[in-house]
Amino acid sequence: AQDHLEAPQGEGRMTLAFNYATRGIDQMTGSMAIGGVDGGLPSLREATLRYQPNAEAYARMTDHCARRRGSDREAYLSSLAGESDAAFAASFGVAPGPGLREAMARYLRQPGEVKIVLRPERELVLAPNAPHSLQYWTEVAGLALFVNGQLVEDLSVVPAAPAAAPLPAAQGR
């Protein structure tokens with residue numbers, strides 16, 4: 001792991017960067033440019049996060065998981081890409097919309113680089129109580145997702161369906 005911190009004197013700006021690699025497994029890099037560090041709340045100017053698995057390690061992992069499910073790699077990856085909205089919602093609280101599903105299926109078939117970019121039109125104050133909705137991050141913070149170099153244009157998600165209320169114990173007797 002390699003970290004880098006740069007704070008030019010008198011400019012009120014700072015750049016944070018890191019490079020993390022697990023030998024033979026994966027690599028992640030990130031950078032963030034922050035303004036307003038000379039007083040007050042910091043503001044985001046730009047941020048990038050990149051992740052890329054090692055193709056051989058990914059193949060070994062998916063083969064292992066497929067064997068544990070009594071399947072082959074292709075069937076296993078298809079089952080992951082085709083998980084129901086309910087299964088996603090049970091794990092994550094939301095399910096991916098059509099664009100994210102297509103990007104996920106493409107990535108599972110051909111794992112490469114996943115890149116997340118935040119590039120607001122103007123510096124975004126990083127207030128502790130800032131909204132955290134996906135709409136906020138896409139519209140205000142300029143969130144963009146790239147899978148294998150291709151922009152994922154539809155970042156919609158499907159909210160979790162409300163759980164059905166349990167039947168009263170006396171009902172059905």
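Heavy-atom basis, side chains included; hydrogens, waters and symmetry copies ignored.
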Task: Close side-chain approach of M28 and F18, heavy atoms under 4.5 Å - done: yes
Open item on the list: When you compare the side chains of Q27 and N54, does any donor N or O come within less than 3.5 Å of an acceptor on the partner?
Closed with: no
- [ ] Take I116 and T48 through the test side chain to side chain contact (heavy atoms under 4.5 Å, CB included) and record every step on the way to the result.
- [x] CA-CA 6 Å; I116 300 169; T48 302; over 6 Å; no
Task: Donor-acceptor pair, side chain of D154 and main chain of G99, under 3.5 angstrom - done: yes
Task: Derivation and outcome, side chain to side chain contact (heavy atoms under 4.5 Å, CB included), residues T29 and Y20 - done: CA-CA 6 Å; T29 62; Y20 172 83; over 6 Å; no
TODO: Would you give the length of the straight line joining atom OG of S71 to atom CG of D63, rounded to the nearest 0.5 angstrom?
DONE: 10.0 Å
Open item on the list: With heavy-atom distances below 4.5 Å as the criterion, would you say the side chains of V114 and F146 are in contact?
Closed with: no
TODO: Could you state whether V147 and L77 fall into the same hydrophobic cluster, counting links through intermediate Ile, Leu, Val, Met, Phe, Trp or Tyr residues with side-chain heavy atoms under 4.5 angstrom apart?
DONE: no
Open item on the list: Nearest 0.5 Å, please: how far is CE in M32 from CG in L49?
Closed with: 9.5 Å
Task: Nearest heavy atoms of P120 and L44, plus distance in Å - done: CG-O, 3.6 Å
Task: Among E102, R106, M104, side-chain contact (heavy atoms from CB on, under 4.5 Å) partner for V152 - done: R106
Task: Heavy-atom pair with the smallest gap, counting every atom of L80 and F88 - done: O-CZ, 4.1 Å
Task: Point-to-point distance, once rounded to the nearest 0.5 Å, from CZ of R119 to CD of E46 - done: 4.0 Å
Open item on the list: With a 4.5 Å cut-off on side-chain heavy-atom distances among I, L, V, M, F, W and Y, is there a chain of contacts connecting V140 to V117?
Closed with: no
Open item on the list: Can you confirm whether E113 is buried at CD, in the sense that more than 12 heavy atoms of other residues, nucleotides or ligands lie under 6.0 Å from that atom?
Closed with: yes
Open item on the list: One pair to check against side chain to side chain contact (heavy atoms under 4.5 Å, CB included): S43 and L124. What are the steps and the verdict?
Closed with: CA-CA 5 Å; S43 57; L124 180 65; 5.8 Å; no
Open item on the list: Between N148 and Y107, is there a side-chain donor-acceptor contact under 3.5 Å, judged purely by atom types and distance?
Closed with: no
Task: Straight-line distance of R45 CZ to L118 CG, nearest 0.5 Å - done: 14.0 Å
Task: Closest approach of G112 to P53 (non-hydrogen atoms, all atoms of both residues) - done: O-CD, 3.3 Å
Open item on the list: Any side-chain to backbone donor/acceptor pair from T22 onto I25? Under 3.5 Å, distance only.
Closed with: no
TODO: Output the distance between atom OG (S78) and atom CD (E83), rounded to the nearest 0.5 Å.
DONE: 12.0 Å
Task: Closest contact, heavy atoms only, A81 versus A105 - done: CB-CB, 3.9 Å
Open item on the list: Run R101 and D85 through salt bridge (charged side-chain N to carboxylate O under 4.0 Å, His left out) and show every step you take.
Closed with: CA-CA 10 Å; R101 277 192 179 272; D85 284 355; 2.9 Å; yes
- [ ] Output yes when a side-chain donor or acceptor of Y58 lies under 3.5 Å from a complementary backbone atom of L108, and no otherwise.
- [x] yes
- [ ] Establish, from distance only, whether the side-chain atoms of Y136 and T138 form a donor-acceptor pair under 3.5 Å.
- [x] no
- [ ] Spell out, as yes or no, whether a donor-acceptor pair under 3.5 Å connects the side chain of S79 to the backbone of Y76.
- [x] yes
Open item on the list: Distance check, rounded to the nearest 0.5 Å: R73 atom CZ versus M61 atom CE?
Closed with: 10.0 Å
